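First comes the structure, then the notes that go with it.
Remember, it's 1-based here, ligands and their atoms both numbered in the order they're listed. For the single chain, residues carry numbers from 1 onward in sequence order. These numbers were taken from a predicted model, which means no experiment stands behind them.
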Amino acid sequence: MKRPGARILALWAAALLTVIAFAAAQAARNDQVHRETLYVFGTLVEIEIRGEQRDTALTATAAVGQVLQQLHRDWHAWRPGALNDLNAAIARGEAHAVDPRLAGILHEARRLSCESGGLFDPAIGALVALWGFHADTPPQGAPPSPESVAALVAARPRITDLHLDGTDIRSANPAVQLDLGGFAKGAALDLAAAELRARGIDNAVLNAGGDVNVLGTHGRRPWRVAIRDPFVWGAVAALSLRPGEVLYTSGNYERYFEHEGERFAHIIDPRTGYPVREIVSVSVLDTDGARADAAATALAVAGRADWARVAAAMGVSAVLMITDTGELLVTQAMLDRLDPAGEGFPDKVMVVDLPDAAPNPACDG
Ligand code: ADP
Ligand code: MG
């Protein structure tokens, strides 16, 4: 018969082995990585899920894929679908019923546009089409005639012209043509992230060409992302995203065409009808993809002189802007989070203070 001491030792050893086996299983689970790439919204969306069983991750990714494909169909301004039908009804001066998700996104678009003072305005679809940025490939040839641009600007299409009565939509202005391209990616990734959460996924990243939503962490460390240098191949900075954060960049360096040495890019100033020139790239760090995406577009339109005011009005505080002369302008909240990636950075950045701004209650209607 064994001595009691030896028995206790054996029990301890067994318990320890169980703990080690459990920890090893847990570590293996945490190391599980599932990656998939989808083609939606005219871009590649990479999904990475960590720490889940393969089956759970596969089902969740498939569900996200379905959500994104459906949104792409429903929210596309220029292909047959729900938004296209709405645009046709608006042009005929008729009211039109849409699905609740589209109605919700239009509510959000109207609020964000109002907060931006109309610099982000998804009602300028006719201008986007006139410049040729409605197609999947960038336009070629000459810019539109100044007269045709002026005529569309004079019609003053504004998303604030929409009357939203539940899911019934009517526009006071038949010149309104909705193009959600300025924030659809953000709104869609927010819904995709919500789908993952609803399925119990705690740690994931959704990356649509550098526009990113994260859930949880990348194993023991945070998710890391880079901000592209718009002038050369590489990054200007990198940062670690906290659980639930998003980073969105709007820029002039990807979708544009050149004519007689001039560059015309896809972000249009609703006040002039002409593409934005001064700002080459705007990155917004936030916790809401739709707001970050809309703000990045609005701040590009606002330009050097006005962007800080518009950022404050839209409630975003962490911003990095790169101007056409290569200047880097940042808010302190962004600078605190950036890790240098480029030459001399962050020595050459200029810190810009944001003014105080209270949310405009008129924008909630
Ligand atoms: P990216 O697609 O590079 O992230 P944006 O988020 O700025 O860039 O979206 C640009 C798209 O938004 C354009 O292709 C067009 O469809 C639409 N758009 C252009 N100008 C505006 C604007 N002032 N307000 C709202 N949407 C805009
Ligand atoms: Mg945008």
Side-chain angles (χ1 to χ4, degrees), residues 40-45 72 75-79 83 87 105-106 108-139 149 152-153 156-160 176-190 207-213 227-228 230 246-257 264-277 279-286 288-303 306-307 310-311 314 316 319 321-322:
V40 273
F41 285 96
T43 187
L44 295 173
V45 179
H72 190 40
W75 295 358
H76 205 295
W78 315 107
R79 292 198 196 143
L83 188 62
N87 277 334
I105 216 67
L106 293 176
E108 199 170 355
R110 196 174 60 168
R111 183 176 51 77
L112 289 165
S113 177
C114 176
E115 287 172 0
S116 77
L119 302 187
F120 163 76
D121 199 326
I124 62 164
L127 275 168
V128 174
L130 181 67
W131 281 95
F133 290 114
H134 57 312
D136 281 350
T137 49
V149 175
L152 290 183
V153 172
R156 298 179 62 82
R158 301 282 181 267
I159 196 167
T160 45
V176 166
Q177 288 290 282
L178 299 163
D179 172 333
L180 304 179
F183 91 134
K185 221 191 275 173
L189 291 197
D190 287 348
N207 181 352
D211 290 334
V212 175
N213 281 39
I227 297 178
R228 253 184 73 181
V246 305
L247 181 76
Y248 280 75
T249 300
S250 284
N252 268 358
Y253 54 94
E254 256 174 355
R255 278 179 68 77
Y256 64 85
F257 68 98
F264 300 98
H266 73 149
I267 302 176
I268 294 171
D269 187 335
R271 299 166 297 188
T272 62
Y274 277 80
V276 164
R277 286 160 184 267
I279 303 298
V280 177
S281 158
V282 187
S283 301
V284 176
L285 170 67
D286 196 26
D288 183 288
R291 175 167 69 175
D293 198 354
T297 305
L299 300 190
V301 177
D306 207 22
W307 70 268
V310 178
M314 296 187 80
V316 296
V319 182
M321 313 269 285
I322 305 176

### Close aromatic pair by centroid cut-off 6.0 Å: Phe264 and Phe257
yes

### Task
Kindly compute the distance separating CD (Glu108) from CG (Leu180), expressed to the nearest 0.5 Å.
10.5 Å

Return a table of donor-acceptor pairs under 3.5 angstrom between the side chains of residues 117-128 and protein atoms on other chains or two or more places apart.
| residue | atom | partner | partner atom | Å |
| --- | --- | --- | --- | --- |
| Asp121 | OD1 | Ala123 | N | 2.9 |
| Asp121 | OD1 | Ile159 | N | 3.1 |
| Asp121 | OD2 | Ile159 | N | 3.4 |

### Task
Enter the distance from Leu299:CG to Ser281:OG here, rounded to the nearest 0.5 Å.
11.0 Å

### Query
Hey, which residues fall under 4.0 Å of ligand 1 on heavy atoms?
Leu119, Phe120, Asp121, Pro122, Ile124, Val128, Asp179, Gly181, Gly182, Lys185, Asp211, Thr249, Ser250, His266, Ile267, Ile268, Pro270, Asp293, Thr297, Val301

### Message
Classify the ring geometry of Tyr274 against Trp131: parallel below 30°, tilted from 30° to 60°, perpendicular beyond 60°.
### Response
perpendicular

### Message
Please identify which of these residues, Pro270, Ser116, Pro275, Ser250, meets the side chain to side chain contact (heavy atoms under 4.5 Å, CB included) condition with Val301.
### Response
Pro270

### Reported CG-to-CG distance for the pair Asp293 and Asn213, which is rounded to 0.5 angstrom
10.0 Å

### Query
By residue and atom, what protein N/O/S atoms are less than 2.8 Å from the Mg ion (ligand 2)?
Gly182 O, Asp293 O, Asp293 OD1, Thr297 OG1

### Task
Check step by step if side chain to side chain contact (heavy atoms under 4.5 Å, CB included) holds for Asp286 and Tyr248.
CA-CA 8 Å; Asp286 196 26; Tyr248 280 75; over 6 Å; no

### Summary
Across all chains, not counting sequence neighbours, the side-chain hydrogen bond (donor to acceptor under 3.5 Å, both in side chains) partners of Arg79 are Asp136

